[in-house]
Amino acid sequence: MFPVAMMVALVFTLVAKRGRRGSRRKASGKDAHTTSCDEAHTHDHSSEALLGMLSSQEVSGDHEPRIGDSGTLENESKVARLAELEAENARLKTEVLKLKSRGQKKADNLAGYRDGNKSVRMAARKRRQSKLAAPDAGIAENDDGTAPRNKRTGKPKGKNGGGFKSPKKIDREVEWRLARCPHCGRPIEGSRPVGKWYHVIIDVVELELGMRLERVLHVIYRYRCPGCHRIVAKDFGRCARVHYGIGLIAFVMEERLARRGTWDGIRGTMMHVFAGRENKEIIPTIVTFIDWMARWEPQVRQVFEAFCAAIKDTSFANVDETGVPMDGKNHWLWVVVTGHVILYLASKSRGHETVKNIFDGYKGILISDFWSAYNKLDVEQQKCLAHLVKDLKMLEYKAIDHRDGAEKKLAMDSKEATTAVDDDSVSDVAASRCGRPPKQVEPLTETERVKLAADVEQQAKVIKQMEWLRDFFGAAWREGDMGWKTPVDKRISRKEAVRRMRALIDKIRAEGVASLDIDRLLKRMEKFAPNLFTYLDHPGIPPDNNIAERGIRPFVVQRKISGNFENPDLFEIYAMMLSLYHTGLKHKVPFRDILRLLHDNDVDGVLAMLGLQAPPPPPPPEFPARANA
């Protein structure tokens, strides 16, 4: 019995020590959960040892219950239960944290979804609003004048507005009512409108003296047809999509095409003349100006193609070209001037391919300068004699300046040599003068005098030969048998003019060509001899290309003002608009009337106004015959 009692006492002693050790750990800041787990572990080992001793006692037959055995087992079970509860508490806390993080992630995903689909919801709202009002037509209203509920157009409240801003003052109001349904034809005159919407158009009105800006408010009433029960309104045409009238558009285009203004300068002029700084919101922006040019492209291109077709039926055409700097590269603008059409053609090349299609099968006379691209065209030509005479004048003036300079040096040298001045008197005069003494001219050597004398003689010979050539080709503008305004029956033939020119060239070569420049011009005359006097065989054909030079001069001024063009596509549209404006000016047709017809898609009316015919439609494509199976 004693050994069993000793073992029980030993177990209690160990448990007591473990308890005191756990309390000290708590006091020192240790984890309570770790301590309880250690105690439970110790209790487990103690209970196992106790059960082992008891089982050994039962085996040996020495079993007798003692006071305190049931209390020890109860304490051990409580300690084990406490450890299990603490472990379960820790696990539940971990699961709660996981659930909270998962809920926060769902909230973040939902917020991102709503922000990402905001534009989609706004687009759906606009589509719903479009059922009550036509596109770009303004704000729809109910019969009582109030706005429909939840159908607000435009940007949300608090946002900056965009696009067209209605003017603060209205000069005139126009009502658009409907008398008959456009769908079923049933009369609805006298019916009560179910709504209305407003549209403002700003236009320029011509007065007896000058012009003024007019702001017109258009009120379009909507009705419900009693027959087909549709909501109908009077057709507002293309004006339903614009806020500026034809007069204002024509004014801007004329400022650009006729007076060669910049877009910024045109807008500043309109603001100064029509609006003032306080009403600058009613003046269109530069982007609007450019959009107008792009909007007219389909109609203007049809008229432009009719211009190209009309050139083939003319008796003569003047052609010229000039460079256009565009975005760091050089493009070209060609001009073709006839008796009825002035055509401007934008191109990336200066080669003959640009105008090859226009002059394919051309039966008239092509008047041009000596640019080599024109030589590749299969058409009879008249080379510009004004260019040739201009080159002769330039070389003659250069020779005159060279001769006068050499004669001046010889005259000064002879004056110094023949004038005897006393050294004493010269020193006295030099001493009496203030400032720097005059520079003494060094006398020429004999070699220099001989060279200058030969120079004077040579330049005199150049001037004489230039005068011969200039006088011969200048006869084209004088009265005589080579004058282009002389009747054809009193002119000499082209062959006779070529013979006279070759005789003059032979005379100059026999005397000796005075300079390399003259030799270069003589070779040009011999090369283009058949094309220098074409005007003599055809009445009304001028011997110069001045018509094309005058036609391209307005754009040269525009290029000098603008400095550079940026968009090749927009420049092509600009060239077509320039063709339309100057052709209308040639026929004394106001540009505003042309735009008004184009606004109504009446291209045939524009061509009839300009005295031209619409080009024939292209032939249908030819399909190969299907082989028999």
side-chain contact (heavy atoms from CB on, under 4.5 Å) between Phe307 and Leu610, intermediate numbers included: CA-CA 10 Å; Phe307 287 176; Leu610 299 177; 3.8 Å; yes

Basic-acidic side-chain contact under 4.0 Å: Asp593, Arg596: yes

Aromatic plane relationship, Phe571 with Phe555 - under 30° parallel, 30 to 60° tilted, over 60° perpendicular: tilted

Pairs touching residues 265-275 that satisfy side-chain hydrogen bond (donor to acceptor under 3.5 Å, both in side chains), sequence neighbours left out: none

Thr583 side, atom OG1; Leu578 side, atom CG - distance, nearest 0.5 Å: 9.0 Å

Over 12 non-hydrogen atoms of neighbours within 6.0 angstrom of CG in Asn109: yes

Atom of Leu333, atom of Ala575 and distance for their closest heavy-atom approach: CD1-CB, 4.0 Å

Residue pairs passing the side-chain hydrogen bond (donor to acceptor under 3.5 Å, both in side chains) test where at least one lies in residues 328-338, sequence neighbours excluded: none

Arg256 NZ/CZ over Tyr581 ring centroid, <6.0 Å and within 45° of normal: no

Heavy-atom side-chain proximity of Tyr374 to Lys383 below 4.5 angstrom: yes

Reported CG-to-CZ distance for the pair Asp203 and Arg212, which is rounded to 0.5 angstrom: 10.5 Å

Heavy-atom closest contact (Ser349 atom, Thr354 atom, distance): O-OG1, 3.5 Å

Pro554 and Val557, any side-chain heavy atoms less than 4.5 Å apart: no

Heavy-atom donor-acceptor pair, Arg491 side chain to Tyr535 backbone, under 3.5 Å: yes

Euclidean distance, Asp378 CG relative to Tyr362 OH, rounded to 0.5 Å: 13.5 Å

Side chain to side chain contact (heavy atoms under 4.5 Å, CB included), paired with Leu580, selected from Phe591, Tyr344, Phe304, Trp296: Phe591

Parallel, tilted or perpendicular, as decided by the 30° and 60° cut-offs, for the rings of Trp197 and His199: perpendicular

Candidate list Glu549, Arg559, Arg350, test side chain to side chain contact (heavy atoms under 4.5 Å, CB included), partner Thr322, passing option: Arg559

Beyond-backbone contact of Ile367 with Ile541, side-chain heavy atoms, under 4.5 angstrom: yes

Check against side-chain contact (heavy atoms from CB on, under 4.5 Å), Phe565 and Gln558: CA-CA 10 Å; Phe565 291 83; Gln558 176 70 71; 4.2 Å; yes

Under 3.5 Å donor-acceptor, Lys312 side chain and Asp360 backbone: yes

Spacing of Leu217 atom CG and Glu175 atom CD [to the nearest 0.5 Å]: 9.5 Å

Exam field: side chain His243 to backbone Ile202, donor-acceptor pair closer than 3.5 Å: no

Val303 side chain near Ile594 side chain, heavy-atom distance below 4.5 Å: no

CG on Asn375 to CG on Asn531, rounded to 0.5 Å: 8.0 Å

CZ-CD1 distance between Arg592 and Ile249, expressed to the nearest 0.5 angstrom: 11.0 Å

With Ile365, the side chain to side chain contact (heavy atoms under 4.5 Å, CB included) member among Val379, Asp537, Thr534: Thr534

side-chain contact (heavy atoms from CB on, under 4.5 Å) assessment of Met270 paired with Leu248: CA-CA 10 Å; Met270 296 179 64; Leu248 183 60; 3.1 Å; yes

Any Gln299 side-chain heavy atom under 4.5 Å of Leu597 side chain: no

Under 3.5 Å donor-acceptor, Asp600 side chain and Asp602 backbone: no

pair Phe316-Gln382: side-chain heavy atoms closer than 4.5 Å: no

Nearest non-hydrogen partners of Asp544 and Asn318, listed with the distance: O-ND2, 3.6 Å

Minimal non-hydrogen separation, Arg180 against Ile188, with atom names: N-CG1, 4.0 Å

Step-by-step side-chain contact (heavy atoms from CB on, under 4.5 Å) determination, Cys181 to Arg230: CA-CA 9 Å; Cys181 178; Arg230 294 184 181 181; 5.8 Å; no

Sidechain-backbone polar pair: Arg260 side chain, Ala258 backbone, donor-acceptor under 3.5 Å: yes

NE2/His340: more than 12 non-hydrogen atoms of other groups inside 6.0 Å: no

Over all atoms of both residues, closest heavy-atom pair of Leu343 and Cys308: CD2-SG, 3.9 Å

Closest non-hydrogen atom pair, His183 against Val232: CD2-CG1, 3.5 Å

Val194 vs Ile231 side-chain heavy atoms within contact, under 4.5 Å: yes

Aromatic ring proximity Trp263/Phe289, centre distance under 6.0 Å: yes

Heavy-atom check, side chain of Leu213 versus side chain of Val204, under 4.5 Å: yes

